[in-house]
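In this chain, residues are counted from 1 in sequence order. Source: prediction; values computed, not measured.
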Amino acid sequence: MTHRYRKGFQKSKQEAALSKEKLQMRLREEFQKAMGGVQSWASIEHKKKGANQDDDDDDDDDDGSEEENEDNLLSKTGNLLTKSSSLPRGVLQVKRCLSANHERLSKVPLSTVQFHPLAQVIMTAGVDRTISLFQVDGKLNPKIQSIHLEKFPIFKAQFSADGEQVVATGMRQRLFYIYDMMGGNIIPFHRIRGVNEKCLQQFEVSNDGSFLLFNGSAGYLHLLSMKTKELIGSMKMNGNSMKAVFSPDCSKIISNSDDGSVYIWDVKSRRCINKFTDDGSVHGASLALSRDGRYLTCGSNSGVVNIYNYEDCLQATNPKPLRSIMNLVTAASSMVFNLQTEILAVASNKLDDAVKLIHIPSFTVFSNFPTQGNRRTIHLPSAMDFSPRSGFFSIANNKGEALLYRLKHYTDF
(Lines give C-alpha, C1' and ligand atoms only; values in the text may rest on other atoms or scores of the structure.)
Protein backbone atom coordinates (compact mmCIF):
# COMPACT_ATOMS: atom_id res chain seq x y z
CA MET A 1 0.00 0.00 0.00
CA THR A 2 3.03 2.28 0.27
CA HIS A 3 3.51 2.19 -3.53
CA ARG A 4 2.80 5.59 -5.08
CA TYR A 5 -0.04 4.15 -7.18
CA ARG A 6 -1.88 2.91 -4.06
CA LYS A 7 -1.08 5.53 -1.44
CA GLY A 8 -4.37 7.30 -2.12
CA PHE A 9 -6.29 4.20 -0.97
CA GLN A 10 -4.63 4.03 2.47
CA LYS A 11 -6.91 4.85 5.41
CA SER A 12 -3.96 5.29 7.79
CA LYS A 13 -0.16 5.24 7.67
CA GLN A 14 -0.15 2.04 9.72
CA GLU A 15 -1.92 0.27 6.86
CA ALA A 16 1.26 -0.79 5.03
CA ALA A 17 -0.15 -3.92 3.41
CA LEU A 18 -3.52 -5.36 2.36
CA SER A 19 -4.56 -8.77 1.11
CA LYS A 20 -5.76 -9.06 -2.48
CA GLU A 21 -9.36 -9.53 -1.34
CA LYS A 22 -9.29 -6.47 0.92
CA LEU A 23 -7.68 -4.38 -1.83
CA GLN A 24 -10.44 -5.37 -4.24
CA MET A 25 -13.02 -4.39 -1.63
CA ARG A 26 -11.26 -1.04 -1.09
CA LEU A 27 -11.18 -0.35 -4.85
CA ARG A 28 -14.87 -1.25 -5.09
CA GLU A 29 -15.67 1.20 -2.27
CA GLU A 30 -13.71 3.99 -3.99
CA PHE A 31 -15.45 3.32 -7.31
CA GLN A 32 -18.89 3.34 -5.68
CA LYS A 33 -17.97 6.62 -3.98
CA ALA A 34 -17.02 8.06 -7.36
CA MET A 35 -20.34 6.89 -8.80
CA GLY A 36 -22.30 8.47 -5.94
CA GLY A 37 -22.98 5.22 -4.06
CA VAL A 38 -24.77 2.01 -4.94
CA GLN A 39 -28.00 2.68 -6.82
CA SER A 40 -31.11 1.21 -5.21
CA TRP A 41 -32.12 -0.66 -8.37
CA ALA A 42 -28.80 -2.55 -8.29
CA SER A 43 -29.03 -3.72 -4.66
CA ILE A 44 -29.86 -7.34 -3.79
CA GLU A 45 -32.54 -6.25 -1.29
CA HIS A 46 -34.28 -4.23 -3.99
CA LYS A 47 -34.28 -7.22 -6.35
CA LYS A 48 -35.73 -9.49 -3.65
CA LYS A 49 -38.39 -6.95 -2.83
CA GLY A 50 -39.24 -6.59 -6.51
CA ALA A 51 -39.49 -10.35 -6.91
CA ASN A 52 -41.88 -10.61 -3.95
CA GLN A 53 -44.01 -7.84 -5.37
CA ASP A 54 -44.16 -9.63 -8.73
CA ASP A 55 -45.39 -12.80 -6.99
CA ASP A 56 -48.11 -10.84 -5.18
CA ASP A 57 -49.15 -9.08 -8.39
CA ASP A 58 -49.68 -12.40 -10.14
CA ASP A 59 -52.56 -13.11 -7.73
CA ASP A 60 -54.32 -9.85 -8.66
CA ASP A 61 -56.51 -9.20 -11.66
CA ASP A 62 -54.36 -9.18 -14.84
CA ASP A 63 -56.09 -6.19 -16.45
CA GLY A 64 -55.83 -4.01 -13.35
CA SER A 65 -52.15 -4.90 -12.91
CA GLU A 66 -51.30 -3.96 -16.50
CA GLU A 67 -53.08 -0.61 -16.22
CA GLU A 68 -51.31 0.20 -12.94
CA ASN A 69 -47.88 -0.72 -14.34
CA GLU A 70 -48.54 1.39 -17.41
CA ASP A 71 -49.50 4.38 -15.24
CA ASN A 72 -46.33 4.01 -13.16
CA LEU A 73 -44.19 3.74 -16.27
CA LEU A 74 -45.59 6.95 -17.72
CA SER A 75 -45.57 8.97 -14.52
CA LYS A 76 -42.29 8.11 -12.78
CA THR A 77 -39.61 9.66 -14.95
CA GLY A 78 -37.36 10.63 -12.03
CA ASN A 79 -34.36 12.69 -13.11
CA LEU A 80 -33.99 11.08 -16.51
CA LEU A 81 -35.51 14.00 -18.40
CA THR A 82 -34.67 17.67 -18.49
CA LYS A 83 -37.24 20.40 -18.99
CA SER A 84 -39.24 19.80 -22.14
CA SER A 85 -39.29 23.46 -23.15
CA SER A 86 -36.52 24.59 -25.46
CA LEU A 87 -33.84 26.95 -24.20
CA PRO A 88 -34.82 30.62 -24.76
CA ARG A 89 -32.39 32.95 -26.50
CA GLY A 90 -31.06 36.29 -25.23
CA VAL A 91 -30.28 35.90 -21.53
CA LEU A 92 -29.03 32.67 -19.97
CA GLN A 93 -30.10 31.78 -16.42
CA VAL A 94 -26.71 30.94 -14.94
CA LYS A 95 -25.19 30.94 -11.45
CA ARG A 96 -21.51 30.81 -10.48
CA CYS A 97 -20.75 27.95 -8.06
CA LEU A 98 -17.78 26.95 -5.97
CA SER A 99 -14.92 25.90 -8.25
CA ALA A 100 -15.09 22.24 -9.17
CA ASN A 101 -11.52 21.63 -7.93
CA HIS A 102 -11.86 23.82 -4.84
CA GLU A 103 -10.40 21.10 -2.58
CA ARG A 104 -7.30 20.82 -4.76
CA LEU A 105 -6.56 24.00 -6.69
CA SER A 106 -3.56 23.76 -8.99
CA LYS A 107 -0.74 26.29 -8.80
CA VAL A 108 -0.09 25.93 -12.53
CA PRO A 109 -2.39 26.01 -15.60
CA LEU A 110 -4.98 23.30 -16.16
CA SER A 111 -5.12 21.70 -19.59
CA THR A 112 -8.22 19.53 -19.15
CA VAL A 113 -11.64 19.61 -17.55
CA GLN A 114 -14.20 16.91 -18.34
CA PHE A 115 -17.36 15.54 -16.76
CA HIS A 116 -17.69 11.79 -16.33
CA PRO A 117 -20.11 10.35 -18.94
CA LEU A 118 -22.13 8.37 -16.38
CA ALA A 119 -21.41 9.59 -12.83
CA GLN A 120 -21.71 12.95 -11.09
CA VAL A 121 -17.93 13.37 -11.27
CA ILE A 122 -15.56 15.87 -12.91
CA MET A 123 -11.90 15.39 -13.86
CA THR A 124 -9.13 18.00 -14.02
CA ALA A 125 -5.55 17.61 -15.25
CA GLY A 126 -2.67 19.89 -16.14
CA VAL A 127 0.95 20.89 -15.96
CA ASP A 128 1.23 19.79 -12.30
CA ARG A 129 1.32 16.16 -13.58
CA THR A 130 -1.85 15.25 -11.67
CA ILE A 131 -5.25 13.85 -12.64
CA SER A 132 -7.89 14.71 -10.03
CA LEU A 133 -11.48 13.52 -9.65
CA PHE A 134 -14.17 15.47 -7.77
CA GLN A 135 -17.79 14.74 -6.97
CA VAL A 136 -19.94 17.59 -8.30
CA ASP A 137 -22.79 19.01 -6.23
CA GLY A 138 -22.20 22.74 -6.80
CA LYS A 139 -21.79 23.37 -3.05
CA LEU A 140 -18.84 21.40 -1.65
CA ASN A 141 -17.50 19.45 -4.66
CA PRO A 142 -15.47 17.02 -2.50
CA LYS A 143 -12.31 15.48 -3.91
CA ILE A 144 -12.47 11.75 -4.63
CA GLN A 145 -8.83 11.09 -5.50
CA SER A 146 -5.73 12.39 -7.29
CA ILE A 147 -3.34 10.41 -9.49
CA HIS A 148 0.21 11.73 -9.87
CA LEU A 149 2.19 10.90 -13.03
CA GLU A 150 5.87 11.43 -12.31
CA LYS A 151 7.72 13.77 -14.72
CA PHE A 152 4.65 13.89 -16.97
CA PRO A 153 3.06 17.35 -17.43
CA ILE A 154 -0.35 16.49 -18.91
CA PHE A 155 -1.37 17.93 -22.28
CA LYS A 156 -4.79 16.24 -22.35
CA ALA A 157 -6.77 13.66 -20.37
CA GLN A 158 -10.06 12.09 -21.43
CA PHE A 159 -12.47 9.48 -20.08
CA SER A 160 -13.14 6.35 -22.10
CA ALA A 161 -16.67 5.96 -23.46
CA ASP A 162 -17.71 3.72 -20.55
CA GLY A 163 -16.03 6.00 -18.00
CA GLU A 164 -13.88 3.19 -16.57
CA GLN A 165 -10.55 4.42 -17.96
CA VAL A 166 -8.68 7.70 -18.41
CA VAL A 167 -6.29 8.32 -21.33
CA ALA A 168 -3.55 10.93 -20.74
CA THR A 169 -0.90 12.41 -23.04
CA GLY A 170 2.08 14.58 -22.10
CA MET A 171 3.47 17.90 -23.23
CA ARG A 172 6.64 16.56 -24.87
CA GLN A 173 6.51 12.75 -24.75
CA ARG A 174 5.36 10.06 -27.16
CA LEU A 175 4.58 8.03 -24.05
CA PHE A 176 0.93 8.02 -22.95
CA TYR A 177 -0.86 6.53 -19.93
CA ILE A 178 -4.08 4.60 -19.36
CA TYR A 179 -5.49 4.83 -15.85
CA ASP A 180 -7.79 1.87 -15.11
CA MET A 181 -10.27 3.20 -12.54
CA MET A 182 -11.76 -0.23 -11.84
CA GLY A 183 -8.46 -1.97 -11.16
CA GLY A 184 -6.55 1.03 -9.82
CA ASN A 185 -3.73 0.42 -12.32
CA ILE A 186 -1.73 3.05 -14.24
CA ILE A 187 -0.47 1.52 -17.50
CA PRO A 188 2.24 3.29 -19.54
CA PHE A 189 2.42 2.84 -23.32
CA HIS A 190 5.94 3.72 -24.42
CA ARG A 191 5.63 2.94 -28.10
CA ILE A 192 2.97 2.11 -30.70
CA ARG A 193 4.22 -0.23 -33.41
CA GLY A 194 3.97 1.50 -36.78
CA VAL A 195 3.71 5.03 -35.33
CA ASN A 196 6.96 6.99 -35.63
CA GLU A 197 6.21 10.15 -33.68
CA LYS A 198 8.47 12.03 -31.30
CA CYS A 199 5.50 13.44 -29.40
CA LEU A 200 1.82 12.49 -28.99
CA GLN A 201 -0.45 15.23 -27.64
CA GLN A 202 -3.85 15.74 -29.25
CA PHE A 203 -6.16 12.70 -29.35
CA GLU A 204 -9.81 11.68 -29.35
CA VAL A 205 -11.71 8.66 -27.99
CA SER A 206 -14.64 7.43 -30.11
CA ASN A 207 -18.18 7.57 -28.69
CA ASP A 208 -18.62 3.80 -28.93
CA GLY A 209 -15.33 3.08 -27.16
CA SER A 210 -13.81 1.24 -30.14
CA PHE A 211 -11.15 3.68 -31.35
CA LEU A 212 -8.39 5.97 -30.13
CA LEU A 213 -7.27 8.63 -32.64
CA PHE A 214 -3.96 10.49 -32.32
CA ASN A 215 -2.96 13.63 -34.19
CA GLY A 216 0.56 13.14 -35.46
CA SER A 217 3.08 15.43 -37.12
CA ALA A 218 3.16 16.44 -40.81
CA GLY A 219 -0.61 16.02 -41.18
CA TYR A 220 -0.85 12.39 -40.02
CA LEU A 221 -3.77 10.89 -38.11
CA HIS A 222 -3.20 7.52 -36.42
CA LEU A 223 -6.21 5.30 -35.71
CA LEU A 224 -5.77 2.75 -32.89
CA SER A 225 -7.92 0.04 -31.38
CA MET A 226 -9.04 1.22 -27.94
CA LYS A 227 -9.03 -2.38 -26.72
CA THR A 228 -5.55 -3.46 -27.83
CA LYS A 229 -3.91 -0.02 -28.34
CA GLU A 230 -2.55 -1.33 -31.67
CA LEU A 231 -2.42 0.68 -34.89
CA ILE A 232 -5.28 0.07 -37.32
CA GLY A 233 -4.16 2.56 -39.97
CA SER A 234 -2.96 6.11 -40.64
CA MET A 235 -4.34 8.99 -42.72
CA LYS A 236 -2.45 11.92 -44.21
CA MET A 237 -3.51 15.56 -44.72
CA ASN A 238 -1.63 18.20 -46.70
CA GLY A 239 -1.13 20.63 -43.80
CA ASN A 240 -0.41 20.06 -40.12
CA SER A 241 -3.26 18.39 -38.25
CA MET A 242 -5.03 20.62 -35.74
CA LYS A 243 -8.11 18.77 -34.46
CA ALA A 244 -10.10 15.64 -35.31
CA VAL A 245 -13.47 14.33 -34.11
CA PHE A 246 -15.58 11.22 -34.69
CA SER A 247 -19.09 11.37 -36.15
CA PRO A 248 -21.86 10.32 -33.71
CA ASP A 249 -22.06 6.83 -35.25
CA CYS A 250 -18.22 6.59 -35.36
CA SER A 251 -18.27 5.71 -39.07
CA LYS A 252 -16.45 8.91 -40.07
CA ILE A 253 -13.66 11.17 -38.86
CA ILE A 254 -13.70 14.92 -39.45
CA SER A 255 -10.35 16.71 -39.22
CA ASN A 256 -8.91 20.11 -40.05
CA SER A 257 -5.43 21.36 -40.87
CA ASP A 258 -3.53 24.58 -40.35
CA ASP A 259 -4.13 25.63 -43.97
CA GLY A 260 -7.89 25.92 -43.37
CA SER A 261 -8.85 22.64 -45.05
CA VAL A 262 -11.44 20.26 -43.60
CA TYR A 263 -11.31 16.53 -44.37
CA ILE A 264 -14.02 13.86 -44.06
CA TRP A 265 -12.63 10.32 -43.65
CA ASP A 266 -14.30 6.91 -43.81
CA VAL A 267 -13.21 4.94 -40.74
CA LYS A 268 -13.37 1.47 -42.34
CA SER A 269 -11.32 2.29 -45.45
CA ARG A 270 -9.39 5.27 -43.96
CA ARG A 271 -9.99 7.08 -47.24
CA CYS A 272 -10.88 10.76 -47.64
CA ILE A 273 -14.46 10.94 -48.96
CA ASN A 274 -14.68 14.75 -49.06
CA LYS A 275 -12.55 17.82 -48.59
CA PHE A 276 -13.41 21.53 -48.46
CA THR A 277 -11.92 24.82 -47.31
CA ASP A 278 -13.44 26.47 -44.26
CA ASP A 279 -15.08 29.65 -45.55
CA GLY A 280 -12.70 32.60 -45.19
CA SER A 281 -10.15 30.65 -43.14
CA VAL A 282 -6.42 30.70 -43.87
CA HIS A 283 -5.41 28.88 -40.67
CA GLY A 284 -7.62 26.31 -38.94
CA ALA A 285 -7.57 26.19 -35.15
CA SER A 286 -10.36 23.99 -33.77
CA LEU A 287 -13.29 21.78 -34.69
CA ALA A 288 -16.49 20.49 -33.03
CA LEU A 289 -19.44 18.33 -34.07
CA SER A 290 -22.78 18.35 -32.26
CA ARG A 291 -23.83 15.13 -30.52
CA ASP A 292 -26.88 14.74 -32.76
CA GLY A 293 -24.82 15.20 -35.93
CA ARG A 294 -26.62 18.32 -37.13
CA TYR A 295 -23.91 20.97 -36.92
CA LEU A 296 -20.19 21.11 -37.65
CA THR A 297 -18.26 24.13 -36.37
CA CYS A 298 -14.83 25.24 -37.58
CA GLY A 299 -12.75 27.77 -35.64
CA SER A 300 -9.97 29.77 -37.26
CA ASN A 301 -6.83 31.54 -36.09
CA SER A 302 -8.57 34.91 -36.57
CA GLY A 303 -11.33 33.99 -34.09
CA VAL A 304 -14.10 33.44 -36.66
CA VAL A 305 -16.29 30.41 -35.94
CA ASN A 306 -18.29 29.05 -38.89
CA ILE A 307 -21.32 26.84 -38.20
CA TYR A 308 -22.21 24.40 -41.00
CA ASN A 309 -24.95 21.92 -41.70
CA TYR A 310 -23.07 18.66 -41.22
CA GLU A 311 -24.92 16.87 -44.04
CA ASP A 312 -23.79 19.57 -46.48
CA CYS A 313 -20.17 19.01 -45.47
CA LEU A 314 -20.31 15.32 -46.37
CA GLN A 315 -20.77 15.98 -50.10
CA ALA A 316 -20.39 19.64 -51.05
CA THR A 317 -16.93 20.83 -52.11
CA ASN A 318 -17.75 24.42 -51.15
CA PRO A 319 -20.40 24.39 -48.39
CA LYS A 320 -21.62 27.73 -47.08
CA PRO A 321 -21.86 28.28 -43.31
CA LEU A 322 -25.28 28.74 -41.74
CA ARG A 323 -23.80 31.49 -39.58
CA SER A 324 -20.37 32.99 -38.87
CA ILE A 325 -19.72 33.98 -35.26
CA MET A 326 -17.41 37.01 -35.05
CA ASN A 327 -17.34 37.58 -31.27
CA LEU A 328 -13.80 36.32 -30.70
CA VAL A 329 -10.86 38.46 -31.81
CA THR A 330 -8.11 35.86 -31.20
CA ALA A 331 -7.76 32.21 -32.23
CA ALA A 332 -10.76 29.99 -31.41
CA SER A 333 -8.82 27.37 -29.43
CA SER A 334 -11.70 25.29 -28.03
CA MET A 335 -15.36 24.60 -28.83
CA VAL A 336 -17.96 22.23 -27.38
CA PHE A 337 -21.71 21.59 -27.81
CA ASN A 338 -23.98 20.56 -24.95
CA LEU A 339 -25.82 17.24 -25.26
CA GLN A 340 -29.13 18.82 -26.28
CA THR A 341 -27.46 20.89 -29.06
CA GLU A 342 -28.94 24.08 -27.60
CA ILE A 343 -25.65 25.74 -26.58
CA LEU A 344 -22.30 26.02 -28.35
CA ALA A 345 -19.41 27.22 -26.18
CA VAL A 346 -16.43 28.82 -27.96
CA ALA A 347 -13.28 30.17 -26.33
CA SER A 348 -9.82 31.55 -27.01
CA ASN A 349 -6.87 30.87 -24.71
CA LYS A 350 -5.17 34.12 -25.78
CA LEU A 351 -7.36 36.59 -23.84
CA ASP A 352 -9.09 36.75 -20.46
CA ASP A 353 -12.89 36.34 -20.53
CA ALA A 354 -12.72 35.19 -24.18
CA VAL A 355 -15.63 32.73 -23.76
CA LYS A 356 -18.95 33.00 -25.59
CA LEU A 357 -22.06 30.84 -25.27
CA ILE A 358 -24.12 30.67 -28.47
CA HIS A 359 -27.79 29.78 -28.58
CA ILE A 360 -28.78 27.06 -31.05
CA PRO A 361 -30.59 27.23 -33.47
CA SER A 362 -30.84 31.05 -33.52
CA PHE A 363 -26.99 31.29 -33.55
CA THR A 364 -27.09 34.33 -31.27
CA VAL A 365 -24.73 34.98 -28.37
CA PHE A 366 -26.07 35.04 -24.79
CA SER A 367 -25.52 38.64 -23.72
CA ASN A 368 -24.98 38.03 -19.99
CA PHE A 369 -22.06 35.57 -20.13
CA PRO A 370 -19.36 35.92 -18.91
CA THR A 371 -20.18 39.53 -17.93
CA GLN A 372 -19.49 40.28 -14.25
CA GLY A 373 -19.38 44.09 -14.26
CA ASN A 374 -15.91 45.37 -15.15
CA ARG A 375 -14.14 42.55 -13.31
CA ARG A 376 -12.49 39.83 -15.36
CA THR A 377 -13.36 36.40 -14.03
CA ILE A 378 -12.03 33.90 -16.60
CA HIS A 379 -8.24 33.95 -16.97
CA LEU A 380 -7.10 32.48 -20.32
CA PRO A 381 -9.60 29.59 -20.71
CA SER A 382 -7.89 26.37 -21.78
CA ALA A 383 -10.71 23.78 -21.83
CA MET A 384 -14.49 23.57 -21.37
CA ASP A 385 -17.18 20.93 -20.90
CA PHE A 386 -20.89 20.51 -20.17
CA SER A 387 -22.18 17.90 -17.73
CA PRO A 388 -24.05 14.94 -19.33
CA ARG A 389 -27.47 16.65 -19.09
CA SER A 390 -26.17 20.24 -19.15
CA GLY A 391 -26.98 21.10 -15.54
CA PHE A 392 -23.38 22.30 -15.08
CA PHE A 393 -20.75 24.00 -17.26
CA SER A 394 -17.06 24.13 -16.37
CA ILE A 395 -14.08 26.12 -17.68
CA ALA A 396 -10.43 25.30 -16.92
CA ASN A 397 -8.06 28.27 -16.86
CA ASN A 398 -4.36 29.09 -16.55
CA LYS A 399 -4.78 29.93 -12.85
CA GLY A 400 -5.24 26.24 -12.07
CA GLU A 401 -8.96 26.62 -11.40
CA ALA A 402 -11.92 24.73 -12.85
CA LEU A 403 -14.69 27.34 -12.78
CA LEU A 404 -18.15 25.85 -12.30
CA TYR A 405 -21.50 27.30 -13.39
CA ARG A 406 -25.04 26.06 -12.78
CA LEU A 407 -27.31 26.34 -15.85
CA LYS A 408 -30.72 26.78 -14.27
CA HIS A 409 -32.78 25.88 -17.34
CA TYR A 410 -31.68 22.26 -17.01
CA THR A 411 -33.01 20.52 -13.91
CA ASP A 412 -30.68 17.52 -13.97
CA PHE A 413 -26.90 17.04 -13.70
Could you tell me the separation between the [atom1] atom of [X] and the [atom2] atom of [Y], rounded to the nearest 0.5 Å?
X	Y	atom1	atom2	answer
T341	L289	OG1	CG	9.0 Å
L149	T130	CG	OG1	7.5 Å
I254	L314	CD1	CG	7.5 Å
I395	L380	CD1	CG	12.0 Å
F115	I122	CZ	CD1	3.5 Å
M226	Q165	CE	CD	5.0 Å

Could you walk me through whether T377 and L403 pass side chain to side chain contact (heavy atoms under 4.5 Å, CB included), step by step? CA-CA 9 Å; T377 58; L403 306 175; 5.7 Å; no
State whether the number of non-hydrogen atoms from other residues, nucleotides or ligands found under 6.0 Å of [X] atom [atom1] is greater than 12.
X	atom1	value
K22	NZ	no
R270	CZ	yes
M171	CE	yes
K399	NZ	no
H102	NE2	no

Counting distance only, does the side-chain N/O of [X] pair as donor-acceptor with the main-chain N or O of [Y] below 3.5 Å?
X	Y	result
S286	M335	no
N207	A161	no
S348	A331	yes
T297	A288	yes
T277	G260	no
N185	D180	no
K156	F203	yes
N274	A316	yes
E164	M181	no
N256	K243	yes

Evaluate the side-chain proximity of [Y] to [X]: yes if any heavy-atom separation is below 4.5 Å, no if none is.
X	Y	result
S251	V267	no
H148	R129	yes
L404	L98	no
M242	H283	yes
P153	Q173	yes
I360	L87	no
Y410	L339	no
R294	Y310	no

Which atom pair, heavy atoms only, marks the closest approach of [X] to [Y]?
X	Y	value
A168	I154	CB-CG2, 4.5 Å
H116	D162	CE1-O, 4.5 Å
H379	N397	O-CB, 2.8 Å
A285	N301	CB-N, 4.0 Å
P381	N349	O-CB, 3.1 Å
V355	P370	O-CD, 3.3 Å

Could you work out, with side-chain hydrogen bond (donor to acceptor under 3.5 Å, both in side chains) as the rule, every residue matching N240, not counting sequence neighbours? D258
Please step through side chain to side chain contact (heavy atoms under 4.5 Å, CB included) for the pair S255 and M237, ending with a clear verdict. CA-CA 9 Å; S255 63; M237 295 184 290; 3.1 Å; yes
For [X] and [Y], which I'm curious about, is there any donor-acceptor pair between the side chains at under 3.5 Å?
X	Y	result
N309	E311	no
S300	S302	yes
S247	D249	yes

For side chain to side chain contact (heavy atoms under 4.5 Å, CB included), just list the numbers for L296 and L287, CA-CA rounded to whole Å, side-chain angles, deciding distance to a tenth of an Å, and then say yes or no. CA-CA 8 Å; L296 174 68; L287 198 71; 4.1 Å; yes
Show your reasoning for whether side chain to side chain contact (heavy atoms under 4.5 Å, CB included) applies to Q135 and D137. CA-CA 7 Å; Q135 190 167 351; D137 58 13; over 6 Å; no
F369-Y405 aromatic ring centre distance below 6.0 Å: yes
Assign the ring pair F337 / Y295 to parallel, tilted or perpendicular, where the plane angle (0 to 90°) is split at 30° and 60°. parallel
If you draw the axis of the six-membered ring of F392, does the NZ or CZ of R406 fall within 45° of it and under 6.0 Å from the ring centre? yes
In F386, F413, F366, the residue satisfying ring-ring contact (aromatic ring centres under 6.0 Å, His included) with F393 is F386
Throw together a table of side-chain donor-acceptor distances under 3.5 angstrom for residues 211-222, partners on residues two or more places apart or in other chains.
from : atom 1 : to   : atom 2 : distance (Å)
S217 : OG     : E197 : OE1    : 2.8
H222 : ND1    : S234 : OG     : 2.8
H222 : NE2    : E197 : OE2    : 2.9

